[in-house]
2 protein chains.
Amino acid sequence: MFSVSARTQYAIRAMVHLAMREGHTATAAEISAAEHIPAKYLEGIMSRLKLSALVDSERGKNGGYRLAGRPEDISMLAVIEAMDGSVRPVSCLGSQTNCSATAAGPSCLPKKFWGGLKEAIDAYLGSKTIRDVVEG
Amino acid sequence: MFSVSARTQYAIRAMVHLAMREGHTATAAEISAAEHIPAKYLEGIMSRLKLSALVDSERGKNGGYRLAGRPEDISMLAVIEAMDGSVRPVSCLGSQTNCSATAAGPSCLPKKFWGGLKEAIDAYLGSKTIRDVVEG
DNA sequence: ATATATTCCTACTATCCAGATAGGAATTAC
DNA sequence: GTAATTCCTATCTGGATAGTAGGAATATAT
């Protein structure tokens with residue numbers, strides 16, 4: 001239950017790897033080898049991280065990736081959201097559309113419960129940073 | 001991210017429905033109609049709830065289901081675990097087997113982070129009961 | 001300039017599982 | 001004995017996840 005995608009786990013390991021390089025670039029190939037992540041698959045992950053402005057990249061020879069900020073300023077929530085979008089236990093959270101549960105009536109009792117779960121998860125993930133993970 | 005299966009949402013709505021029946025039995029067909037849950041699919045859900053001793057059942061004519069305890073004594077964690085097992089963001093939590101991340105070494109930095117997430121989720125889900133949800 | 005190393009882009013494939021359906025067997029009330 | 005119900009087993013299907021493939025664009029070094 002509530003399992004995290006391989007993609008997200010890979011992304012976090014990649015970010016941790018970059019954090020330990022302390023500003024020096026690391027190539028996707030290097031990260032792939034060090035963290036046991038399929039090389040081609042990792043490329044797509046790095047692209048997403050770039051799109052979310054969590055890493056900077058340099059193309060061409062001697063290129064590679066580096067963190068776009070200090071490890072203590074990058075929340076785990078940001079990394080996870082870059083991979084799989086915002087935390088949303090049920091799809092009706094954050095959208096106006098009614099789910100099947102409310103098709104016949106105005107109220108959906110569990111909605112507040114799910115909202116609370118989202119808040120609990122967001123609070124934890126938002127409070128942790130790459131630095132916290134690096135320090136174990 | 002962290003989306004909850006339809007099965008779990010159905011199960012919760014079914015439990016809430018039973019709670020509102022205050023000890024009287026409700027048939028699967030009745031719950032299905034009231035909560036807009038596919039009838040045959042709901043049967044399997046009720047079986048699981050029974051297996052986890054969250055509901056009692058009576059077979060045959062005038063049979064049906066009722067809560068196996070008071071709504072305030074049934075935690076949401078128990079209901080969710082009955083559907084999809086225990087909260088486990090990453091598979092290495094709760095098992096001794098090493099994941100690919102640790103194949104080449106003894107340590108996995110993110111493990112503590114994931115453990116903390118599990119605890120945060122368990123704490124929230126464990127603190128809420130069917131009664132809380134019924135009261136909205 | 002040319003070779004090389006890298007990111008970046010698009011498309012494809014395979015596997016797995018959630019969600020749902022179907023048919024009937026076992027059980028009980030009346 | 002009939003109707004209503006839970007219970008059991010098997011099967012189908014769509015979509016998502018994980019991973020692969022091939023190459024275009026870009027930058028560096030010599």
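A note on names: the letters A, B, ... follow the listed sequences, proteins ahead of strands, and every chain is numbered from 1.
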J.: Write out all pairs satisfying ring pair (Phe, Tyr, Trp, His ring centres under 6.0 Å) with one or both partners inside residues 50-94 of chain A, taking only residues at least two apart or from two chains.
T.: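 Sorted pair list comes back empty.
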J.: Can you list, in residue-number order, the parts of residues 14-26 of chain B that come under 4.0 Å of DNA chain D, counting heavy atoms only?
T.: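 Hits under 4.0 Å, by residue number: none.
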J.: What is the distance from atom OG1 of B:Thr8 to atom CD of B:Glu81, rounded to the nearest 0.5 Å?
T.: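 Between B:Thr8 OG1 and B:Glu81 CD, I get 10.5 Å after rounding to 0.5 Å.
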J.: Where along residues 58-67 of chain B does a heavy atom fall under 4.0 Å from DNA chain D?
T.: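 The stretch gives B:Glu58, B:Arg59, B:Gly60, B:Lys61, B:Gly64, B:Tyr65 as the residues lying under 4.0 Å from the strand, ordered by number.
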J.: Is a donor on one side and an acceptor on the other found under 3.5 Å between the side chain of A:Ser127 and the backbone of A:Tyr124?
T.: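 Pair found, side chain donor or acceptor close to backbone of A:Tyr124.
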J.: Quick one: does B:Gln9's side chain have a donor or acceptor within less than 3.5 Å of a partner on A:Val90's backbone?
T.: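 Judged by distance alone, no pair lies under 3.5 Å.
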J.: According to side-chain hydrogen bond (donor to acceptor under 3.5 Å, both in side chains), does anything in residues 112-122 of chain A pair up with another residue at least two apart or in another chain? List the pairs.
T.: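 Found A:Lys118-A:Asp122.
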J.: Could you list where the contact with chain B starts and ends along DNA chain D, reading 5' to 3', using a 4.0 Å heavy-atom cut-off?
T.: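 Listed 5' to 3', the contact boundaries are D:dA4 to D:dC8.
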J.: For B:Ser32 and B:Ile37, indicate whether the former's side chain and the latter's backbone hold a donor-acceptor pair under 3.5 Å.
T.: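 Yes, the answer is positive, given that a donor and an acceptor are paired below the 3.5 Å cut-off.
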J.: Counting the atoms with a prime plus P, OP1 and OP2 as sugar-phosphate, which does B:Ala29 contact under 4.0 Å by heavy atoms, base, sugar-phosphate, or nothing?
T.: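 Nothing, no nucleic acid heavy atom in range.
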J.: Using the C1' atoms of five pairs at each end, what's the angle between the two axes of the helix from C:dA1-D:dT30 to C:dC30-D:dG1, to 10 degrees?
T.: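 Helix axis angle between the two ends: 20°.
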J.: Output the distance between atom CG (A:Leu77) and atom OG1 (A:Thr129), rounded to the nearest 0.5 Å.
T.: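 So the CG of A:Leu77 and the OG1 of A:Thr129 are separated by 12.5 Å.
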J.: Mind checking salt bridge (charged side-chain N to carboxylate O under 4.0 Å, His left out) for B:Asp56 and listing every partner two or more places apart, or none if nothing turns up?
T.: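 With sequence neighbours excluded, B:Asp56 shows a salt bridge (charged side-chain N to carboxylate O under 4.0 Å, His left out) to no residue whatsoever.
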J.: Got a sec, which residues hit side-chain hydrogen bond (donor to acceptor under 3.5 Å, both in side chains) with A:Arg131, two or more places apart in sequence or on another chain?
T.: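 In terms of side-chain hydrogen bond (donor to acceptor under 3.5 Å, both in side chains), with neighbours along the sequence ignored, A:Arg131 is linked to A:Glu135.
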J.: Is a donor on one side and an acceptor on the other found under 3.5 Å between the side chain of B:Arg66 and the backbone of B:His24?
T.: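 Looks like no, no N/O pair under 3.5 Å.
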J.: Go through the structure and list residues passing side-chain contact (heavy atoms from CB on, under 4.5 Å) with B:Ala6, not counting sequence neighbours.
T.: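 By the side-chain contact (heavy atoms from CB on, under 4.5 Å) rule, B:Ala6 matches B:Tyr10.
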J.: Under the rule for salt bridge (charged side-chain N to carboxylate O under 4.0 Å, His left out), what residues qualify as partners of A:Arg21, not counting sequence neighbours?
T.: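 Salt bridge (charged side-chain N to carboxylate O under 4.0 Å, His left out) check on A:Arg21 returns A:Glu30.
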J.: Can you name the side-chain contact (heavy atoms from CB on, under 4.5 Å) partners of A:Arg7, sequence neighbours left out?
T.: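 side-chain contact (heavy atoms from CB on, under 4.5 Å) check on A:Arg7 returns A:Ser5, A:Tyr41, A:Ile45, A:Arg48, A:Met83, A:Asp84.
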J.: Taking atom CD1 of A:Ile130 and atom CD1 of A:Ile12, what is their separation to the nearest 0.5 Å?
T.: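 It is 7.0 Å, given to the nearest 0.5 Å.
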J.: Across nucleotides 13-23 of chain C, 5' to 3', mark each nucleotide with B, S or - according to how protein heavy atoms within less than 4.0 Å reach it.
T.: ------BBBBB
J.: Rounded to the nearest 0.5 Å, what separates atom CE in A:Met76 from atom CZ in B:Phe113?
T.: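 It is 4.0 Å, given to the nearest 0.5 Å.
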